[in-house]
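Values below: all heavy atoms of this structure, side chains included; hydrogens, waters and symmetry mates excluded. Positions are given from 1 along the sequence.
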Amino acid sequence: APESARPMSAHGKQQPLLRYPAPAAGNGSGSGMGRRRYLAFLAIAAALVASYHLLHAPTPSSRYHALFLTLGSNASAAAHLRALTLRPHVAGTQANALAAEYVRATLSSLSFPTRVTPYSVLLSYPVHRSLSLSAGPGRPNNVFPLVQETYPGDPYAEAAAEVVPTYFAYSGSGSVTAEVVYANYGDRKDYAYLASRGVDVAGKVVLARYGDIHCEDMVRNARDAGAAAAIIYTDAKDFGGPAAKGKQKWFPNTRWLPPSGVQVGTLYYGNGDPTTPMWPSCAAGEDCERLSMEELDASEAMPGIPALPVSGRDGETIQKAMGGGVAPPEWQGGEGAPVYRIGPGPAVLNLTYIGNDTLATIENVFAVIEGKEEPDRYVIIGNHRDAWTFGAVDPNSGTAAMLEIAERLSQLEKKGWRPRRTIIVCSWDAEEFALIGSTEWAEDNIDIIGSRAVAYLNVDISVFGPGGLVPRATPQLDELIQEASRMVPDPDDPSHTLYDYMIRQNPPIARVAGAGTDFAAFVQHIGVPSLDMSYGLSCVIITPLASALNIVALAVSEYPVYHSLYDDFVWMQRFGDPLFHRHVALASVWGLIALRLADDEIIPFNYVSYASELEESSKVVEDGCPGCAVSFSPLHKSIKQLEKAAMKIHMEKKVLQADKWGLNTRERTLKVREMNDRLMMAERAFTNREGLAGRPWYKHMIYASSDQDDWGTKAFPGIVSAMANAQKLNTSESWRLLQHEIYRGARAVSKASAVLDGRLT
């Protein structure tokens with residue numbers, strides 16, 4: 001036998017195979033009997049060696065997985081990113097159609113079956129914008145140019161002319177002339193503070209800065225406070241970087257946002273095509289039910305007031321013209337900023353915005369790698385393609401990584417690999433507007449996805465700078481993420497793995513609950529186990545509640561050019577990932593997780609950690625309501641049931657893997673399928689067909705965005721929302737509704753326990 005075929009000792013040394021001397025040649029019956037015994041021994045020895053290798057040698061799939069990790073290409077990731085970011089490519093434009101074709105052609109060249117699924121959806125573009133400032137008697141008016149400036153030698157200066165003018169999608173149209181009130185980060189607590197200072201926001205133009213919550217929540221809060229319009233700016237304190245002497249402190253010299261930089265975004269407070277809430281849209285020329293523009297304008301999902309994003313320089317100009325009381329220290333700007341005052345006035349802003357909300361065609365692009373043994377089970381990986389501007393970080397760093405994964409999978413296929421389960425590669429469109437492409441497709445295929453999807457693996461931004469792996473996921477994926485991250489060296493410190501950085505964070509793995517990217521439709525609407533990940537720095541968790549509920553966010557200080565003109569290939573090449581080794585590392589762990597989910601005989605989910613997570617989260621939620629006249633015991637009881645069911649299936653899995661049940665081939669196949677169905681479908685059981693109170697699209701009772709922050713994470717969102725309402729109103733009905741939400745959450749957990757247990761009551 002060759003050396004490589006010999007068993008290993010406990011000390012790692014190869015052991016010689018058993019030796020048996022061949023019988024001496026002869027013609028007698030004894031020698032013939034010896035020969036037969038010798039041949040019989042060889043057969044037994046061969047069987048022992050084969051059984052040893054069957055038990056101890058790597059499985060064929062694991063060998064392919066190891067090979068996958070060696071196939072990464074920095075040059076390929078860089079080339080894809082450069083090609084995708086040559087022009088701005090906002091959804092609905094010809095440039096984005098060309099980007100879709102690039103993705104389709106790349107996947108098709110790898111011999112994967114591809115298809116494009118179009119939808120006609122409501123998108124929003126600016127027609128006219130103007131903003132001027134009247135600083136008071138005797139002071140000249142200031143007309144703001146509302147332009148992001150290129151820099152000398154900018155290789156994308158010509159293409160920058162194609163960038164859509166700075167705006168908020170779905171902003172209300174109209175003209176407003178009114179005094180200004182400064183509202184800090186535009187959170188509800190900021191408006192409460194203004195009220196405590198006697199500042200009336202009604203009929204005013206609110207000036208707020210990015211930082212705590214997303215723009216749709218900021219404008220919604222301004223509207224609810226009675227404001228006539230809103231201006232949102234990027235304060236240099238948060239986006240402009242530290243003071244620097246002797247050179248410009250912003251891009252292209254550093255990673256920081258230039259003074260003219262503007263963060264654009266969307267104001268629609270929902271997911272998917274605004275004209276088809278709760279049901280799928282259709283392609284142009286097809287007939288599908290839609291809300292009228294009158295119905296849509298009257299809905300709470302639309303902002304209802306004009307709003308504009310402006311630069312830090314423009315925001316500071318407005319601040320200088322304001323009067324009224326001095327804002328508190330935590331509301332002030334950074335070094336060199338004027339003293340911030342809360343108003344109102346004497347500064348008066350004249351804002352006009354006219355938008356065009358129109359039906360436009362978007363295109364989702366797919367490649368399918370059909371599974372060999374279980375083609376009707378889907379592992380779905382996805383990234384969105386559309387960008388507000390060039391999109392080098394958001395989202396095309398993720399697109400480049402996904403295409404790099406596809407190239408590696410194609411190489412594996414050429415070497416004989418076929419996945420056990422089907423892998424679907426998805427390039428979503430119009431994510432920036434309202435997660436539209438992924439949501440419409442998920443709604444369009446909700447029953448098939450609900451019955452066949454094993455997991456959804458999303459990467460929006462793959463790399464935004466140095467740091468480490470920043471994952472968020474539903475908890476049954478935690479163990480798999482840890483195992484995969486141990487297999488990939490940290491590109492910034494190859495003596496360690498991605499796991500080493502991740503495990504030092506608090507939390508190491510956050511939860512997929514905020515509605516900020518394309519996992520929302522899969523986990524929050526359908527109940528598919530999901531993850532999302534990036535490479536960079538995670539934000540510091542500063543509150544006990546946030547830490548306990550596993551809230552994590554992008555580190556703004558590492559990616560200050562977010563949604564601005566300056567998110568281009570130059571920024572990535574200089575500051576995000578100069579060697580493109582971080583792209584390759586992220587692609588490695590992302591792809592390895594997909595391979596494990598597609599190839600492992602038993603789906604590598606572990607619900608024991610899910611039960612532990614829910615127990616911890618429930619205690620945090622309960623601690624937020626001391627002395628409340630409600631009982632959390634139904635929730636705690638249901639979590640104990642989940643813990644028991646999770647331990648049961650975990651032990652069953654180990655017994656099946658060790659082949660201790662003595663099943664024949666057919667029995668084993670059926671048992672594996674039955675166990676996988678329980679593991680796959682348990683997450684669906686956390687959903688409720690009626691959805692969250694007041695937000696029926698969100699079906700998941702455990703994880704969803706906060707009703708006060710569309711990107712914020714909440715565990716048990718229905719309970720948390722009802723608790724806040726009861727504490728505010730303190731009526732018997734509000735406390736009854738809180739108890740009802742506790743029971744709803746408990747029933748969802750109990751349903752998941754029953755699915756894992758696999759038995760009828």
Side-chain angles (χ1 to χ4, degrees), residues 64-85 102-103 106-107 110 112 367 369 379-385 391-413 417 419 423-428 455-473 477 480-481 483-492 494 497-499 501-502 517-518 531-536 572-573 576-599:
Y64 285 121
H65 299 176
L67 178 60
F68 172 85
L69 295 177
T70 71
L71 298 176
S73 171
N74 306 38
S76 178
H80 287 311
L81 186 64
R82 185 186 292 276
L84 288 160
T85 58
Y102 177 87
V103 171
T106 300
L107 294 171
L110 303 174
F112 296 144
I369 309 172
V379 176
I380 307 171
I381 70 173
N383 156 269
H384 78 92
R385 180 186 66 255
V393 178
D394 180 12
N396 297 133
S397 65
T399 316
M402 187 171 74
L403 294 177
E404 207 262 321
I405 288 173
E407 289 172 341
R408 297 196 217 181
L409 296 181
S410 177
Q411 292 182 65
L412 292 187
E413 273 200 329
W417 167 81
I423 297 175
I424 304 176
V425 180
C426 312
S427 174
W428 308 119
Y456 175 68
L457 313 177
N458 188 74
V459 168
D460 187 325
I461 295 168
S462 74
V463 177
F464 58 95
L469 182 65
V470 185
R472 45 184 176 160
L477 284 162
L480 176 58
I481 293 169
E483 291 173 355
S485 65
R486 285 189 175 100
M487 300 297 293
V488 181
D490 188 327
D492 291 334
T497 66
L498 293 179
Y499 172 85
Y501 172 89
M502 178 187 74
T517 191
D518 289 304
L531 69 75
D532 180 72
M533 60 178 70
S534 297
Y535 189 96
M572 177 61 78
Q573 196 172 40
D577 191 10
L579 301 178
F580 285 86
H581 58 324
R582 295 168 189 149
H583 281 75
V584 171
L586 193 285
S588 292
V589 70
W590 186 14
L592 182 57
I593 291 169
L595 283 170
R596 288 284 309 279
L597 289 166
D599 286 341

Discussion item. What's the separation between atom CG in L586 and atom CG in L498, rounded to the nearest 0.5 Å?
Written reply: 8.0 Å
Expected list for residues 464-471: side-chain donor-acceptor pairs under 3.5 angstrom, two or more places apart:
none

Worksheet item: Would you say L592 and S485 make side-chain contact, with heavy atoms under 4.5 Å?
Response: no
Practice prompt. Could you tell me whether a side-chain N or O of N383 sits under 3.5 Å from a main-chain N or O of V459, the two making a donor and an acceptor?
Written response: yes
Practice prompt. Please answer whether the main-chain N or O of H583 pairs with a side-chain N or O of D577 as donor and acceptor at a distance below 3.5 Å.
Written response: yes
Discussion item. Distance alone, cut at 3.5 Å: any donor-acceptor contact between the side chains of E407 and S76?
Written reply: yes
Worksheet item: Which heavy atom in A455 sits nearest to a heavy atom in L597, and how many Å separate them?
Response: CB-CD1, 3.8 Å
Worksheet item: Side-chain contact, heavy-atom cut-off 4.5 Å: P491 with Y535?
Response: yes
Practice prompt. Applying salt bridge (charged side-chain N to carboxylate O under 4.0 Å, His left out), name anything that partners E483, two or more places apart in sequence or on another chain.
Written response: R596
Practice prompt. Give the C-alpha distance, both sets of side-chain angles, the deciding distance and a yes or no for side-chain contact (heavy atoms from CB on, under 4.5 Å) between V488 and Y499.
Written response: CA-CA 8 Å; V488 181; Y499 172 85; over 6 Å; no
Worksheet item: Are side-chain heavy atoms of Y64 and D599 found at a separation under 4.5 Å?
Response: no
Worksheet item: Any idea which heavy atoms bring I423 and W417 closest together, and the distance?
Response: CD1-CH2, 4.0 Å
Practice prompt. Output the distance between atom CD1 (I381) and atom CG (L409), rounded to the nearest 0.5 Å.
Written response: 7.0 Å
Fill in: Closest contact, heavy atoms only, H384 versus D394
NE2-OD1, 3.3 Å
Discussion item. Show the nearest heavy-atom pair for residues A585 and P489, with the distance to one decimal.
Written reply: CB-O, 4.3 Å
Worksheet, complete the sentence: CD1 of I405 to CH2 of W590, rounded to nearest 0.5 Å, is 5.0 Å
Worksheet entry | Any donor-acceptor pair under 3.5 Å from R472 side chain to D532 backbone | no
Worksheet entry | Side chains of D492 and H581 in contact at under 4.5 Å (non-hydrogen atoms) | yes
Worksheet item: Hey, what do you get for CZ (R582) to CG (D490), rounding to the nearest 0.5 Å?
Response: 9.0 Å
Worksheet item: Rounded to the nearest 0.5 Å, what separation is found between the CZ atom of R408 and the CG atom of L69?
Response: 7.0 Å
Worksheet item: Counting N and O atoms only, with roles assigned by atom type, does the side chain of S397 sit under 3.5 Å from a partner on the main chain of S462, one being a donor and the other an acceptor?
Response: yes
Worksheet item: Is it true that the side chains of S427 and R385 contain a donor and an acceptor less than 3.5 Å apart?
Response: yes
Worksheet item: Is there a side-chain contact between M572 and T85, using heavy atoms and a 4.5 Å cut-off?
Response: no
Worksheet entry | Closest non-hydrogen atom pair, I593 against M533 | CD1-CE, 3.7 Å
Item to complete: Report the residues that fulfil side chain to side chain contact (heavy atoms under 4.5 Å, CB included) with L67, sequence neighbours left out, ordered by chain and then residue number.
Response: T70, L71, L412, K415
Discussion item. If you compare all heavy atoms of V393 against all heavy atoms of I461, which two are closest, and at what distance to 0.1 Å?
Written reply: CG1-CG2, 3.4 Å
Worksheet item: Looking at residues at least two apart in the chain, or sitting in another chain, which of them share a side chain to side chain contact (heavy atoms under 4.5 Å, CB included) with A367?
Response: L107, F112, T114, V425
Worksheet item: Does anything in residues 68-84 pair up under salt bridge (Lys or Arg N to Asp or Glu O under 4.0 Å), and if so which pairs, sequence neighbours excluded?
Response: none
Practice prompt. Would you please name every residue forming a side chain to side chain contact (heavy atoms under 4.5 Å, CB included) with A473, sequence neighbours left out?
Written response: L477, I481, I509, L531
Discussion item. Which label fits Y102 and H80: parallel for a plane angle under 30°, tilted from 30 to 60°, or perpendicular past 60°?
Written reply: perpendicular
